[in-house]
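I have placed the structure first, in the form of structure tokens, so that the comments after it can refer back to it.
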Amino acid sequence: MGILRRAAEGGAEGGMKGPHASRLPPPLYSKMATVDFDSSADPEMDLTSDEELEREAEGFKEQGNVYYVKKDYAEAFNFYTKAIDLCPKNASYYGNRAATFMMLSRYREALEDSQQAVRLDDTFVKGHMREGKCHLLLGNAMAASRCFQKVLELEPDNSQVQQELKNAESILEFERLAEISFEKRDFRMVVFCMDRALEPASACHRFKVLKAECLALLGRYPEAQSVASDILRMDSTNGDALYVRGLCLYYEDCIDKAVQFFIQALRMAPDHEKARLACRNAKALKAKKEEGNKAFKEGSFEEAYDLYSEALTIDPNNIKTNAKLYCNRATVGSKLNKLEQAIEDCTKAIKLDETYIKAYLRRAQCYMDTEQYEEAVRDYEKVYQTEKTKEHKNLLKNAQLELKKSKRKDYYKVLGVDKNATEDELKKAYRKRALMHHPDRHSGASAEMQKEEEKKFKEVGEAFTVLSDPKKKSRYDSGHDLEDDDMNMGLVTKCLFFFPAASGPGNFFFQFG
């Protein structure tokens, strides 16, 4: 702003350059002509009138200068405008008002006045300087460079303009880098370039919009919204800013509101291709997602799975909506018993949105269903740390219990039965496994083999002892520490060997040929 002040300094610039009528000798008229002569058309009086206008305009200019020095730019503007109204061909008046517009951050109006000033006087250095500075602030570095070159032609030793030329060159370079980075989808680099370019071009809406768009593509929606809103406060018809507002809402899964902004942007700028494409994608994504939801509710899981998969191909950039689509597809996958695929989809959803609690819960349940209890506990812990609800606490406790149970001997696996096995099925399984591992059956084996089979035979006895007793089975299924129970496992082992060699728990007898 210091440069702006120096550029505007001094109020009036140069002497009066208003037009003067040439003074001609009065013609000789007849007596009749003298009677009919209109005194208001007297050239002498016209000249006096012009001089009075110029003096009055100069007075307004001087008053404007006083207010300018006091930083009362609104009043300075009023007096410079009065001076222009009286003498519209005076370049310095436009120059002064341009300086005032710049101090009021009204750079487009300042640009118009600066251009008018140099049209009236092509040697007006401060006029060219201000025009260049306005172009620079508005982001038109090429036009700014042309103005600064003109200043150098008029004043080759002007050090200030040399610095401004460097600023213009840096803007052009940052624009070039931003364009390359955008094509490479390196949105962070684009934001960096626009931040650097906006230092000398602080009023450039084009740079701000590009920065906001890239912030949205990076998922930094509040920042993008803020930049777009600032532009819309100054220019409510800015199609680019309306597009960015819509883009943020679209990426935050507020699709209906987003479509409204895209439509508004297209009203302001009918050829806005990005807004047109985003509007089309938003509508398609919403429709496909709703079709998938409808199929799921109707129990058409295969169809729902395919519809969610199609929706995921519409716009890879829509992170939040795609996270929900992956989670929805995982839900369908679990219904179709595609548990590993469901886990993978949940993982993709979490990668897109690390705060997505529903995806953690869905994945944890899939881990439980596939008996991956440690992973389930980890997900439930994450959920409970985020949302300490009673429901989440119970889910975590249940997963921890299942993990504890999974580390004990699995008596169902020992006998080769499922958890709903009947009493007869348990007896048959016990006979089969006890016969398979009975010590007499392996009397001719190596000492190591005999020891291993004896261990398995004991486990079979332990398993049957627990699972054949309803109370003990209930305690086992509920996850109580059976080692601390009143049914000491050592007693089971002693019971096994209390019976004759060919008998086992329940007075089963085994015969060997």
Side-chain angles (χ1 to χ4, degrees), residues 330-331 333-347 350 357-423 425-430 432-434 436-437 452-493 496 505:
T331 302
S334 65
K335 294 285 186 183
L336 295 169
N337 206 31
K338 297 179 180 179
L339 295 175
E340 290 303 326
Q341 180 63 50
I343 289 171
E344 187 179 331
D345 277 349
C346 288
T347 301
I350 291 166
I357 295 297
K358 191 175 179 181
Y360 283 104
L361 288 169
R362 172 59 55 195
R363 187 171 70 175
Q365 184 57 56
C366 290
Y367 281 140
M368 292 290 286
D369 293 340
T370 53
E371 298 183 1
Q372 300 179 63
Y373 299 120
E374 288 187 6
E375 290 81 355
V377 167
R378 189 160 53 244
D379 275 355
Y380 282 132
E381 283 177 340
K382 173 74 174 178
V383 170
Y384 187 62
Q385 286 170 5
T386 307
E387 294 182 1
K388 288 183 167 58
T389 67
K390 185 177 180 180
E391 180 187 359
H392 294 159
K393 184 177 181 180
N394 289 336
L395 288 169
L396 175 58
K397 285 180 70 177
N398 184 54
Q400 290 170 333
L401 178 60
E402 290 300 322
L403 176 60
K404 180 182 176 183
K405 286 161 64 177
S406 72
K407 294 182 181 297
R408 311 174 308 177
K409 291 176 184 177
D410 188 338
Y411 289 147
Y412 292 103
K413 285 185 178 179
V414 169
L415 293 181
V417 296
D418 63 37
K419 294 183 179 181
N420 298 316
T422 64
E423 185 178 351
E425 287 172 337
L426 285 170
K427 288 178 180 179
K428 287 178 183 178
Y430 170 66
K432 181 180 178 181
R433 294 300 174 101
M436 186 187 301
H437 301 295
E452 180 64 26
E453 291 299 324
E454 182 181 323
K455 178 183 177 183
K456 290 181 179 179
F457 182 66
K458 290 178 182 179
E459 287 178 351
V460 169
E462 289 176 12
F464 183 70
T465 300
V466 172
L467 299 182
S468 62
D469 185 316
K471 289 184 179 180
K472 293 176 181 177
K473 180 178 183 297
S474 176
R475 291 175 66 80
Y476 175 81
D477 288 342
S478 64
H480 287 288
D481 189 349
L482 300 181
E483 293 299 325
D484 295 334
D485 216 324
D486 57 4
M487 52 172 194
N488 190 303
M489 288 297 103
L491 293 175
V492 175
T493 304
L496 282 172

TODO: If the plane angle is over 60° it's perpendicular, under 30° parallel, otherwise tilted; pick one for Phe464 and Tyr430.
DONE: parallel
Open item on the list: I'd like to check Lys456 versus Glu452 (side-chain heavy atoms, cut-off strictly below 4.5 Å). Are they in contact?
Closed with: yes
TODO: Answer yes or no: is there a side-chain heavy-atom contact under 4.5 Å between Val466 and Arg475?
DONE: no
Open item on the list: Nearest 0.5 Å, please: how far is CG in Leu395 from OG1 in Thr389?
Closed with: 8.0 Å
TODO: Specify the closest pair of heavy atoms between Cys366 and Ser334, including all atoms of both residues, with the distance to one decimal.
DONE: SG-CB, 4.3 Å
Cut-off 3.5 Å, no hydrogens considered: what does the side-chain donor-acceptor table look like for residues 375-386, sequence neighbours left out?
unit_1, atom_1, unit_2, atom_2, d
Asp379, OD1, Arg363, NH2, 2.9
Asp379, OD2, Arg363, NE, 2.8
Thr386, OG1, Lys382, O, 2.9

- [ ] To the nearest 0.5 Å, tell me how far Leu415 CG sits from Glu459 CD.
- [x] 10.5 Å
Task: Donor-acceptor contact present, side-chain Arg362 to main-chain Cys346, <3.5 Å - done: no
Open item on the list: Are Glu371 and Ser406 packed together at the side-chain level, in the sense that at least one heavy-atom pair is separated by less than 4.5 angstrom?
Closed with: no
TODO: Mind checking side-chain contact (heavy atoms from CB on, under 4.5 Å) for Asp469 and listing every partner two or more places apart, or none if nothing turns up?
DONE: Lys471, Lys472
TODO: Please say whether more than 12 non-hydrogen atoms of neighbouring residues, nucleotides or ligands are located less than 6.0 Å from NZ in Lys473.
DONE: yes
Task: side-chain contact (heavy atoms from CB on, under 4.5 Å) involving Glu402 - partner list, sequence neighbours excluded - done: Met368, Tyr373, Asn398, Lys405
Task: Pairing of Glu462 and Lys458 as salt bridge, 4.0 angstrom limit - done: no
Open item on the list: Checking Thr370 against Gln372: is there a side-chain donor and acceptor pair closer than 3.5 Å?
Closed with: yes
Open item on the list: Please give me the minimum heavy-atom distance between Val417 and Ala421, naming the atom from each residue.
Closed with: CB-CB, 3.8 Å
Open item on the list: Using 0.5 Å steps for rounding, measure from the OG1 atom of Thr422 to the NZ atom of Lys427.
Closed with: 9.5 Å
Open item on the list: Within the structure provided, determine whether Asp345 and Gln341 are in side-chain contact (heavy-atom separation under 4.5 Å).
Closed with: yes
- [ ] Working to the nearest 0.5 Å, report the span between CD1 of Ile350 and CD1 of Ile357.
- [x] 9.0 Å
Task: Under 3.5 Å donor-acceptor, His392 side chain and Glu387 backbone - done: yes
Task: Spacing of Gln365 atom CD and Ile343 atom CD1 [to the nearest 0.5 Å] - done: 10.5 Å
Task: Gap between atom NZ of Lys409 and atom OH of Tyr476 - 0.5 Å precision - done: 10.0 Å
Open item on the list: Looking at every non-hydrogen atom in both residues, tell me the closest pair between Glu425 and Asn420 and how far apart they are.
Closed with: OE1-O, 4.4 Å
